[in-house]
Structures are given as structure tokens and as C-alpha cells.
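Structure first, commentary second.
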Amino acid sequence: MRNKLLKEKRMRGYFIEAAKEILKGEGIDSMSVRNIADQAGYSYATLYNYFKDVTDVINECINDFAEECQEYVDDKTRNLPDGPEKLKAIIKSYVGYFLEYPSIFDVFFLEKINKIEKKRDTSQLIVTLLERLCKPQWNYLINNEFISSSSAEKAITILRYQIPGMLLFYLNRSNPDSPKEFYSLIDNQLDKLIRFEIPTRTTQTFEEVVLKFIFDGTYLGENYYFFIHYTREKQVVDSILKTGFKYIESFHNSAEQIIDDKLDFLYKHNIYKPYGNFIVVIGISRNIFDKYAQLIRSKGINTYIENILCDTAPEFDDEAEEYRYTLPTQYIKGYVNYVTGETLKNPSFNPDYDSPNFLNNLNSL
């Protein structure tokens, strides 16, 4: 009996995987008993031993695709800190799954559900998938007073219909024209729909959050220089963490040095906070600074130290008519969102980083 059940499970798995490959590659119009059986390497008569018909197979595929979508979203977002940005990232990753597999979108949202066995359960699985993916973050945001439960419920209901509708327009009507424009439209809609409140916190607490992130006891202020850069866009922050900090001509035009002093920080924060909610933190060892400062002086060269501390060659910016430099990602400690209190540390952060390229840069001048 046990062997029979194992065989049935294995055979059903063969046909389901074959059907999923057809759906992903050719779309639902190519779904037929014969095509599924051919893809699986069995006769179509064998398929009927395990499924009633094609719609029975499709129903099983939908269950698998829902699990696959969840894994896809988890892979994209699991390392992000809880908060508003993670919620938005989950929604955009959900969208990204259907952009990568548009034929699955057709199965989920364009196939008539009345053809499918257990249509009520399947319909609920599809309709509530995004809500279930986002539920832990909604709970976090409600519990931490970023949003009221009533506002969250309203947003959840609207998103249930809005996101599939936007995907439908893009995938089937090419509106807007490009993935970049589509994601920008998603961002704009999410910003309009989901309005987060700033959690109640004292100025003292805010200062402590930011300064503790910068001066965490591991890298003491007397041994390291720290700088802050403000920006509005999460995409810009992600780019800095991934590729390094880019600046035109002088690093100090884009970043402000910070010391472990609350009044000093508040003064500079009030100046730069209009530039955005995200504070990117940059840290460089004083030993590295002193080493290359001495080498620059010994060569009698007139250049900024930071312009030497680059792994890639400077690029000429035609618009600014000056050179663009890039500090390595090792010098990026991470970021703080001063509105939400979110923090993210760069696992590659190493303020003592010293690359052979630095000497090459110096010798090339």
C-alpha cells in the first residue's frame, strides 16, 4: 500500500512539473492532456490515472506556483530590516515574479476560475497571496505605530485589486512602455496609498539611534573618521551599498564629517535633512588617511586623499565637466532612515580596507 502511494505521488509530480514547464514556457494555450503527457514522457492515457482532466492539473500547478512566488519574494527580501521599506520591497518582488513569468500571471488572473476544481479554495489562494506575503510586515507596522489598523486594512483592500490591475495593463497592453517606468509607477502608487506616520519618539532617542549606529563601540571615533550623506531614494542607497559612493571632484561636497557629539549631529542633521530620510554612513580608518596623506605630501601632489582611495578609475562626467570618483563599498557602514528608525549594516564594511589600487592611483598622478 505504501509503495502504491509513493508511486502515485511520484507520477503526479512528473505530470505537474511537466505542466508547469509548459505554462512557464509556452503559456496556457498550449496546455492539453497530450502536451503534458508528452512533456512528462508518458502516454496521455496514463495521465488520466492520476488526474480528472487538464484543469485538475492546472489547479495543482497554481498551488505550486503560489509556493514558488513566496520563495521568490523571501529570497529577495529576507535580509531587509522590518519596516516600511521591507513592505514595499515585498510588494515589488511579488510584482517581479509575475514580470519574470507572465504566463503564470495569465493562469492566476485571466484563466476562468469556474473551469478549475475546488474553485473557491483556488480563488482565495490567488486573491490573498499578496496579503499573506505582506502580513508579517503589516503587523510590525501596526504594532510599532507606523500606521493604524484601519488605514492598513484600507490599503490591503486597495492593493488586492490595484496590483493585479497594473500588472494586467503592463503585461497585456505594454502600458507603461518599460520595466523601469512600470516600477516607478508602482513606487508612486505605493507612496500615495500607504502613508506612514513617524513613530512617537523623543529627540534624545532619535539621536541615540543614529549615533549608536555610527559609533557602535567597535570602531572608536579617535581611530576612525565617519561621514554622513543624505538621500531621498532607497534605490540610491542600494546602489551605494552595491557599487560604492560616487561623488564629483571632491568627496566633501557630498558628505559631512560627523563626531560623537549630539549637538554637533543635530546641527548638521537640521542642515541636511531636507535632502532625504536616508543617512548613508561612511567610515575610513585614520591610519589609512594618515598613510596616504603622508605619501601625497612626500610626492608634492595636489589632490584630495579620498580621490586616491578608489578601486576603479575616475570617470569624466560630461554634464558636470569634472571627474566622478567612487569610494569602495568597504567604506560604506550602512544607512539609517531617520524617519522610520530603520538601520541596515553593510556586511562588507571594513574601514581599514587598503587596496593595491590606491598606490596605483597615487603613482599614476
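This structure is a prediction, so every number in the text was calculated from the model and none was measured.
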Write down the atom of [X], the atom of [Y], and the distance for their closest heavy-atom approach.
| X | Y | result |
| --- | --- | --- |
| Pro328 | Cys310 | CD-CA, 4.3 Å |
| Phe182 | Val95 | CE2-CG1, 3.4 Å |
| Ile36 | Ala18 | O-CB, 3.6 Å |
| Tyr247 | Ser250 | CD1-C, 3.4 Å |
| Phe105 | Pro164 | CZ-O, 3.5 Å |
| Ile240 | Phe245 | CD1-CD1, 4.0 Å |

Any donor-acceptor pair under 3.5 Å linking the side-chain atoms of [Y] with those of [X]?
| X | Y | result |
| --- | --- | --- |
| Tyr275 | His229 | no |
| Tyr72 | Glu100 | yes |
| Tyr97 | Glu68 | yes |
| Asn361 | Tyr292 | no |

List, one per line, each side-chain donor-acceptor pair under 3.5 Å for residues 153-160, sequence neighbours excluded.
residue : atom : partner : partner atom : Å
Thr157  : OG1  : Glu153  : O            : 3.0
Arg160  : NE   : Glu131  : OE2          : 2.5
Arg160  : NH2  : Glu131  : OE1          : 3.3
Arg160  : NH2  : Glu131  : OE2          : 2.9

State, yes or no, whether a side-chain contact exists between [X] and [Y] at a heavy-atom distance under 4.5 Å.
| X | Y | result |
| --- | --- | --- |
| Leu171 | Leu99 | yes |
| Glu306 | His252 | yes |
| Asp290 | Gln294 | no |
| Pro102 | Asp106 | no |
| Leu327 | Phe227 | no |
| Val107 | Cys61 | no |
| Gln162 | Ile186 | no |
| Asn253 | Ile248 | no |

Take a 6.0 Å sphere around [atom1] of [X] and say whether it holds more than 12 heavy atoms from other residues, nucleotides or ligands.
| X | atom1 | value |
| --- | --- | --- |
| Glu21 | CD | yes |
| Asn302 | CG | no |
| Arg34 | CZ | no |

Pair Asp191 + Lys88, salt bridge at N-O below 4.0 Å: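 Yes.
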Ion pair check, Lys268 and Asp264, cut-off under 4.0 Å: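 Yes, charged N to carboxylate O under 4.0 Å.
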Ring centroid separation Phe215 to Phe226 under 6.0 Å: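 Centroid separation for Phe215 and Phe226: below 6.0 Å.
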Ring centres under 6.0 angstrom apart (His269, Tyr230):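 Yes: the rings meet the under 6.0 Å criterion.
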Trace of the ring pair (Phe, Tyr, Trp, His ring centres under 6.0 Å) decision for Tyr304 with Tyr325: CA-CA 11 Å; Tyr304 294 106; Tyr325 297 85; 8.7 Å; no
Side chain to side chain contact (heavy atoms under 4.5 Å, CB included) between Leu241 and Leu344, intermediate numbers included: CA-CA 10 Å; Leu241 289 169; Leu344 180 67; 4.0 Å; yes
With hydrophobic residues grouped by side-chain heavy-atom distances under 4.5 Å, do [X] and [Y] end up in a single group?
| X | Y | answer |
| --- | --- | --- |
| Ile62 | Phe109 | yes |
| Leu80 | Leu130 | no |
| Tyr183 | Phe169 | no |
| Ile259 | Val210 | no |
| Ile284 | Ile296 | yes |

How long is the span from the [atom1] atom in [X] to the [atom2] atom in [Y], to the nearest 0.5 Å?
| X | Y | atom1 | atom2 | value |
| --- | --- | --- | --- | --- |
| Leu309 | Lys291 | CG | NZ | 10.0 Å |
| Ile282 | Ser254 | CD1 | OG | 8.5 Å |
| Asn360 | Ile308 | CG | CD1 | 10.5 Å |
| Tyr272 | Ile279 | OH | CD1 | 12.5 Å |
| Asp75 | Asn79 | CG | CG | 9.5 Å |
| Gln189 | Ile194 | CD | CD1 | 10.5 Å |

Side chain to side chain contact (heavy atoms under 4.5 Å, CB included) evaluation trace for Ile147 with Ile142: CA-CA 5 Å; Ile147 192 170; Ile142 292 169; 4.0 Å; yes
Can a donor-acceptor pair be found, under 3.5 Å and without considering hydrogens, that links the side chain of [X] to the backbone of [Y]?
| X | Y | answer |
| --- | --- | --- |
| Glu322 | Phe316 | no |
| Tyr331 | Tyr353 | yes |
| Asn307 | Glu249 | yes |
| Ser239 | Val236 | no |
| Lys262 | Leu211 | no |
| Ser184 | Lys180 | no |

Member of Arg232, Lys192, Lys92 meeting the salt bridge (charged side-chain N to carboxylate O under 4.0 Å, His left out) criterion with Asp187: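 Going through the options one by one, the only one that passes is Lys92.
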Test log, rule side chain to side chain contact (heavy atoms under 4.5 Å, CB included), inputs Met11 and Thr46: CA-CA 9 Å; Met11 291 298 295; Thr46 305; 4.0 Å; yes
Aromatic ring pairing Tyr94/Phe98, orientation class (parallel under 30°, perpendicular over 60°, tilted between):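 Aromatic pair Tyr94/Phe98 classed perpendicular.
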Counterpart residues, side chain to side chain donor-acceptor pair (under 3.5 Å), relative to Glu85 (two or more places apart):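 Once residues adjacent in sequence are excluded, Glu85 has no partner under the side chain to side chain donor-acceptor pair (under 3.5 Å) criterion.
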Those residues that, when tested against Asn277, pass side chain to side chain donor-acceptor pair (under 3.5 Å) (two or more places apart):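 Expected list: none.
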Criterion side chain to side chain contact (heavy atoms under 4.5 Å, CB included) on Lys234 and Tyr335, from CA distance to verdict: CA-CA 10 Å; Lys234 180 63 164 54; Tyr335 73 80; 3.4 Å; yes
